[in-house]
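First comes the structure, then the notes that go with it.
Computed from a predicted structure; not experimentally measured.
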Amino acid sequence: DTTSAKTVNERLTLNLPASTTLSRLYEDVSHKAGYVNGTFDLAWGNISQFNRASLDHNSEMSLSESGFEPGGKKNFLHLTDKDGEQPQIASDESGTADSSGVDDSSQERFIGPLPRESTAGCSGDYSSPSYTYSSILSKSDTGYVGLVNQAMTCYLNSLLQTLFMTPEFRNALYNWEFEESEEDPVTSIPYQLQRLFVLLQTSKKRAIETTDVTRSFGWDSSEAWQQHDIQELCRVMFDALEQKWKQTEQADLINQLYQGKLKDYVHCLECGYESWRIDTYLDIPLVIRPFGASQAYGSVEEALQAFIQPETLDGPNQYFCERCKKKCDARKGLRFLHFPYLLTLQLKRFDFDYTTMHRIKLNDRMTFPEELDMSPFIDVEDEKSPQTESCTDSGAENEGSCHSDQMSNDFSTDDCVDEGICLDSTGSTERVLKPKSLLTFELFSVMVHSGSAAGGHYYACIKSFSDGQWYSFNDQHVSKITQDDIRKTYGGSSGSRGYYSSAFASSTNAYMLIYRLKDPSRNAKYLAVDDFPEHIKSLVQKEKESEEQEKRQREIERNTCKIKLFCMHPVRMMMESKLEVHKDKSLREATEMAYKLMELEGIVPLDCCRLVKYDEFHEYLERSYEGEEDTLMGLLLGGVKSSYMFDLLLETRRPEQVFQPYKPGEVMVKVHVVDLKSEAIASPISVRAYLNQTITEFKQLIAQATGLSAETMRVVLERCYNDLRLLYVPNKTLKAEGFFRSNKVFVESSESSDHQVAFTDSVLWKLLDRHGNTIRLLVLLPEQSPGTLANRTQKVRGDSDVIFDGTKGNRKSVEAILEESTEKLKNLSLQQQQQGSSTSDSQKSSDASDFEHIESPTQEADSNSSLCVAADNRELENRIRASAGSSGGASSDQENHFACEERSDSEVNNDRSTSSVDSDILSSSHSSDTLCNADSGPIQLANGLDSHSITSSRRSKAHEGKKETWDTAEEDSGTDSEYDDNGKSKTEAQYLYFRAEPCSQEDTSWDAQKCLVVHVDKRITLAAFKLNVEPYVGVTSTQFKVFRVYANNQEFESVRLNETLSSFSDDNKITIRLGRALKKGEYRVKVYQLLVNEPEPCKFLVDTVFAKGMTVRQSKEELLPQLKEQCKLDISIDRVRLRKKTWKNPGTVFLDYHVYEEDISISSNWEVFLEVLNEPEKMKSMSELAILTRRWSPATMKLGPFQEVILESSSVEELKEKLSEMSSIPLENLEFAKGRGTFPCDISVLEIHQDLDWNPKVSTLNVWPLYICDDGAVVFYRDSTEEPMELSDDERNELMKKESSRLLKTGHRVSYSPRKEKALKIYLDGGPAKDPGQD
């Protein structure tokens, strides 16, 4: 819409059929834009304005014929002035047109094909579409305003709209005047309802909020997430209104409109004596389906007749008659005395199914008429002998009783209550009797529930008394509907009414009906705006001003640019905030706002600050705005947008400095100066360059910034993480070399011979390579035994300082010892190279002290070399021991420094330790016992297997051109050794950085005395890492284990020796624990005891090690001494069974002759069940099947213990024979069923008899629906002739409680656990009492 400055940024989107004519397009646009059709033009927006022609107003050409394209990507139109005059705004007198107007429309409006009227609010769909804020800014076409659903407040919205559309209630509410001096408006329910009704009648919005009303109820935001019953809300709200209206004209309003009276009586059939009382009611609850009946009532009339149908009290239910002085047959029932003016019927669709013990919703069909004649429901006897109200009172505590012959004597004309309507139009006690023939009620509100007993959605279908039209009020949406839509709320399906018809019926049906008496003398009309009382007129004015203010605020919001703001604060470092500035503010004003926002006052003068365009992602300063201090922010930022592709940075300078101009097109370069002699890389200096500069010009630029010589300068660009490129072509541009917005380069300028060497063989490359791949790890060392404590002292001859006291000298001794071990390893590797194939230049240059020898699985070398490594390390250890022994005084210090509780293998198993790689492969669902800890729950594992996607993109020259392989659980589930089966080293030499130093207290929360800080190349293998930390642990690498510590402090063992540390990152933690590390082909196994008849059938015993090729018998022999020592279990080997464990389910039985890896697949961190047998193992062959069986006794409502049955085949007949033999149940009477779920397949004794699939019609166990193909399946069996125990209601309830408690204790999922419901309350004092002792 280009017709005014206010609308130029707006867009109106229409989704139209291709067959729509141009004239129809003009109508649609005028309707939605709020203009008079014919006072504006539409022209193509993607054609220059000189060639632009308007579309024809009267053309009947379709859109597709006029050049519009399907999909709409190129269909841009401009709404322009016609003949130089602005379009006329359509008037809004009727209140039914779209009244958004130009000023009130949102920035992005959307219209599409409207839903067909016949489907609006009908039964099929109750899920509300997602609403945008813009959709509630303009009034519905119906002229009615919707209500915003706070979360689950559809039930409240439906009731509020019904009350609003009730003229008598609305008018009475308007006549009540709020006294602000007496009450807080926030907590006044009538006042907030009054405000809401005024807004519903006068607002131009599509929908309004109900938060002020719910706040007056004393509700907080959590109540918005509680769905309640609409009838319950109606009762509670009416009670609250009555309390608030005491001592006002409206004190009796609810009773006058909604209250009726009925008589509850018992009539003796022998003497005619009648005992009765009069009750009041606000609604009539109608039963949908009588208790125990298979069919529902077909209509409201049928249900009403059943409501007043008396029941006969006879037999054991006889009534004690006071006149006869004995028990007599009697008739008990209800009689309507009079009906309210507004008759509310509640259809009782929510019920309780005592068979399933579930709440259910009855979706049966129940018709209701548009006009309801209530005269048939008045009892004739009451007409002849009217009752006196003085006999009883509706609220009386004691019941009234009188003889029918006495009633006429007690009759008082003043207090007469007729069977008709109690009218009180004058407000006096005088009653006007209404003949029965005029008891006709007119339906005007149907409150519909869609969903189940567990929850759903409410909406209201309401008839307007002003035009007789039906509307659907569905939260924000108000639409016209027809009688057909009302009929769709009857419920049920088109088929016959049967017992199960409800289950297959539509879940959308009427729940509450409200009828109004047809009486021209009383039927009121809605108060027109002009007829409002004065206090309502002032309220309307107040709300109008509030809406105008809101609109102005929206206008400001729409013109406010919101952009991320950063600032390098001199004190607080990098700060981030959001700058909200009006588009018409200048850059100078915006800078001042940013200055205050970043709290720079008193720290930096304002004239030392400026705003620059900034890209936070690339840390790139795009441009500065010199000379544009008075330019408007809207122009600088490219208009008001929901998000920007850039940010702003508030740059500061010292008073003596000047700002450097940043021009568009420049790139930012962070220059790191490298010193080869000290092997140091300096922090960056920022330089700005142009992409079309040559490398020579770029070197000159760097020379100016750093003072280095441009002639000898080498410049290395790090294009992406760890991808280094030497820039050596003088005339090549920066763009051609791959420079982007923000770049990182390393520069070195020295006279060394390193210039002549190929870049990948140079010291510079090695230094940068090390810099890019080195990570910092925190390593917690274990407590030492006294015999090996001296290993920790780590001293070099001639240096008497203890290593871990943090002094400079100590650090030197660490490095000295490492240097010496490095030299030995280097000399060794040179021998390997001479024996092996040709070596690369990079391996020859071995003068850098910080490069370590490690193994990489690419090439084999001679076995002698590997033996030398071990011997050399032992020699190194002995030398360290000897030097440590000479410092007597240091030992006791070390003992204190490393005092920590020693943990045995059996204690470590409580950490649920698994390999950092293997545990990543396992899914949490298949290994929840392994990966979860009872206290902390499942942890999120970092995926070690994905590490190659983020590791170095280049390898040493030895790796070039060779395919990398990545281990997976499938390829090798065991532990990798650094040696192959022949004892040969599987590696070739490569030097990777490793440096260890003492840890300071600031570095870690661990005890600093027991912690090392290790700087290591993450391409090092676990094997090499362990070798490097050997001197600090004090034992060989085979005698300690490495555990990775995750964020939640859970530890997982790393066992793959040929895995690199590439999945680790800076400041990751590692714990070293003493204990035997796994050898080639070994697997760590967790052993659990299976106790089939215990409440907790799965009990952890020990962690042990099984090896590939070992038999089950051998593993038992190794396991039993361990069980005896650690678990005090002394078991004979013939009474022990090992079997597969899948989570908590027992599986395949392992026989003694089975071999691991050949007959039984085994993996890292495997779990097995150990079962203690009462007799020697009966299973001899893999073809046999071990089934766990349990007897169900219906007569006693009890389950027997588990008993194992060994079958030689999968025959059902054999299973039944074995069960019959074991239980003495005759074969023909024996029935069985497979248990469901996880072992022990627990089920409630109240459900087992019906819920399981008893006696499946199959001949073998391995077919559907049994699928019993492996050991460990659970089978229940019973005697079919045994009748279930008869239970009283009390016994059933008691048993149900016991079963629920038992099943919860065993961790079994209770089949029905409804969401705990919160009682609906309205608080008259503004909120619930805060009782500190209350839960």
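Across Trp765 and Ser762, no two heavy atoms sit closer than the pair N-OG, 3.1 Å. Scanning all heavy atoms of the two residues, the minimum distance from Leu1022 to Ser1054 falls at CD2-O, 3.5 Å. Contact record, Thr1111 with Val1155: CG2-CG2, 4.1 Å, taken as the closest heavy-atom pair. Looking at every heavy atom in both residues, Phe1169 comes nearest to Lys1140 through CD1-O, 3.8 Å. Residue Trp1166 comes nearest to Ser1161 through the heavy atom pair CZ2-O, 3.7 Å, listed as atom of the first residue, atom of the second, then distance. For the residue pair Ser1065 and Leu777, the shortest heavy atom distance occurs at O-CD2, 3.9 Å.
Between Tyr1156 and Phe1150, the angle of the ring planes goes over 60°, which puts this pair in the perpendicular group of the 30/60° scheme.
Judged purely by atom type and a 3.5 angstrom limit, Gln1039 has no side-chain atom pairing as donor or acceptor with the backbone of Thr1036. At least one donor-acceptor pair closer than 3.5 Å links the side chain of Gln1122 to the backbone N or O of Asp1103. Checked by atom type and distance alone, the side chain of Gln1089 never pairs as donor or acceptor with a backbone atom of Lys1099 at under 3.5 Å. The backbone N or O of Ala682 lies less than 3.5 Å from a partner atom in the side chain of His672, making a donor-acceptor pair. Remark: the backbone N or O of Val1136 is paired with a side-chain donor or acceptor of Lys1116 at under 3.5 angstrom.
A salt bridge links Asp1067 and Arg776; the closest N-O separation between the charged side-chain nitrogens and carboxylate oxygens is under 4.0 Å.
Around the NE2 atom of His771, the shell of radius 6.0 Å holds no more than 12 heavy atoms that belong to other residues, nucleotides or ligands.
Residues Asn1068 and Ile775 are not in side-chain contact: their nearest non-hydrogen atoms beyond the backbone lie 4.5 Å or more apart. In this structure, Glu1082 and Arg1076 have side chains that are in contact, with non-hydrogen atoms separated by less than 4.5 Å. Within the 4.5 Å cutoff, the side chain of Leu1027 has no heavy atoms near those of the Phe994 side chain.
Note that CZ of Arg1019 is 8.0 Å distant from OG1 of Thr774, once rounded to the nearest 0.5 Å.
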